[in-house]
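Structure record follows, encoded as structure tokens.
Reminder, nothing fancy here: chain letters follow the sequence lines and each chain counts from 1.
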Number of protein chains: 2
Amino acid sequence: MSGPLSTRRLLETLAEPTRFRIVNCLSAAPLFVSDLQALLGVPQPTVSRHLRVLREVGVVRDTPIGQFVLYRLRRPAEPLGRLLAAALDAARDEPALRTERANAWTEGRRRAHQRTAPPVEGRSP
Amino acid sequence: MSGPLSTRRLLETLAEPTRFRIVNCLSAAPLFVSDLQALLGVPQPTVSRHLRVLREVGVVRDTPIGQFVLYRLRRPAEPLGRLLAAALDAARDEPALRTERANAWTEGRRRAHQRTAPPVEGRSP
DNA sequence: CTGACATATGCGCCAAAACGAATACAACGC
DNA sequence: GCGTTGTATTCGTTTTGGCGCATATGTCAG
């Protein structure tokens with residue numbers, strides 16, 4: 001699974017269930033690795049490895065912030081962008097994915113309101 | 001990889017390179033197993049097994065004609081139909097897939113005009 | 001019925017890839 | 001400096017799934 005971005009590569013990338021869950025969450029809000037770890041209930045090394053694949057394919061972009069790394073979705077050039085969009089659109093109909101995405105959105109909003117980085121300072125009661 | 005039709009299942013199905021080549025060819029014309037075998041240069045059992053997966057997922061429909069079996073593409077219900085369409089659209093930009101699809105189209109036209117290859121239903125002078 | 005052809009399936013093998021656990025790396029607070 | 005925390009990577013193992021080959025099923029021609 002290597003080479004430049006192709007339909008095949010994008011499909012193989014999205015076909016992995018955990019990876020698609022990550023993409024689904026990121027479609028709701030930019031998230032830190034630790035957020036994804038918590039949202040998906042998956043060990044951190046697994047999250048990092050999947051994020052690496054997604055980054056290599058160009059589906060996500062990473063922004064280091066201190067010791068944290070913020071990941072955000074990145075729409076590929078057409079026509080692959082439409083393929084990704086269609087996959088995410090299909091995910092809207094599936095309860096499990098919908099829930100996870102809602103949680104991701106909440107987490108994103110939470111961070112946007114408190115101007116704190118990841119959960120380090122004042123914890124909400 | 002089982003259960004009802006889901007985004008995950010469709011993605012997993014299309015992510016397999018040979019399977020996607022089959023879908024790509026079928027998007028140009030309905031074809032017999034032997035056609036696909038020739039077009040893709042792949043052993044017949046491999047073609048049949050991939051077609052089975054595609055059939056189970058509902059991406060293709062099979063029509064036995066004598067000892068032959070004609071396979072045709074079948075668009076899933078929305079929003080998965082759009083996902084399949086987007087994947088096929090992305091394939092239009094890739095030379096290799098484009099060529100195979102052109103060959104598939106030619107084969108389809110050939111059969112529509114002559115009644116040679118696998119004999120179509122008893123329609124004779 | 002028999003043999004040839006088209007397609008489907010069962011089985012064993014193998015490779016790609018995901019996982020778990022441990023560890024390395026890097027930035028922060030003290 | 002130290003330990004702590006967040007993230008990345010390595011290693012070894014396991015699992016999933018595709019393939020080759022042989023064979024079964026089914027259909028037509030003779």
Letter per nucleotide, 5' to 3', of nucleotides 20-29 of chain D [B base touched, S only sugar-phosphate touched, - untouched; heavy atoms, 4.0 Å]: BBB---BBS-

Partners passing salt bridge (Lys or Arg N to Asp or Glu O under 4.0 Å) against Arg98(B) (at least two apart in sequence or in another chain): none

Distance, rounded to the nearest Å, where Asp35(A) contributes CG and dT5(D) contributes P: 17 Å

Side chain to side chain contact (heavy atoms under 4.5 Å, CB included) partners of Ala29(B), counting only residues at least two apart: none

Length of the line joining Leu31(B):CG and dA6(C):C1', which is rounded to integer Å: 15 Å

Any Tyr71(B) side-chain N or O less than 4.0 Å from OP1/OP2 of dA6(C): no

Closest nucleotide among dA18(C), dA8(C), dT9(C) to the Arg52(B) side chain: dT9(C)

Rounded distance in Å - CG (Leu11(A)) to C1' (dG17(D)): 17 Å

Salt-bridge present (Arg110(B), Glu107(B); N to O < 4.0 Å): yes

Rounded distance in Å - CG (Leu70(B)) to C1' (dA8(C)): 17 Å

Donor-acceptor contacts, no H, no angles, side chain residues 60-75 of chain A, under 3.5 Å, sequence neighbours left out:
{"from": "Tyr71(A)", "atom 1": "OH", "to": "Arg55(A)", "atom 2": "NH2", "distance (Å)": "3.3"}
{"from": "Arg75(A)", "atom 1": "NE", "to": "Glu78(A)", "atom 2": "OE2", "distance (Å)": "3.2"}
{"from": "Arg75(A)", "atom 1": "NH2", "to": "Glu78(A)", "atom 2": "OE2", "distance (Å)": "3.2"}

dG18(D) OP1/OP2 closer than 4.0 Å to side-chain N/O of Arg19(B): yes

Spacing of Glu16(B) atom CD relative to dA16(C) atom P, expressed in whole Å: 13 Å

Phosphate OP1/OP2 of dT5(D) contacted by Ser34(A) side-chain N/O (<4.0 Å): no

Atom pair CG (Asn24(B)) and CG (Leu14(B)), whose distance is rounded to the nearest 0.5 Å: 11.0 Å

For atom CD1 of Ile22(B) and atom C1' of dC19(D), their distance in whole Å: 13 Å

Atom pair distance, as rounded to whole Å: CZ in Arg55(A) and P in dA8(D): 6 Å

Partner residues of Glu100(A) under the salt bridge (Lys or Arg N to Asp or Glu O under 4.0 Å) criterion, sequence neighbours left out: Arg21(A)

For Arg92(B), salt bridge (Lys or Arg N to Asp or Glu O under 4.0 Å) partners two or more places apart: Asp89(B)

Presence of His50(B) side-chain N/O under 4.0 Å of dG17(D) phosphate oxygens OP1/OP2: no

Atom-pair distance (CG on Leu36(B); C1' on dT7(C)), nearest Å: 12 Å

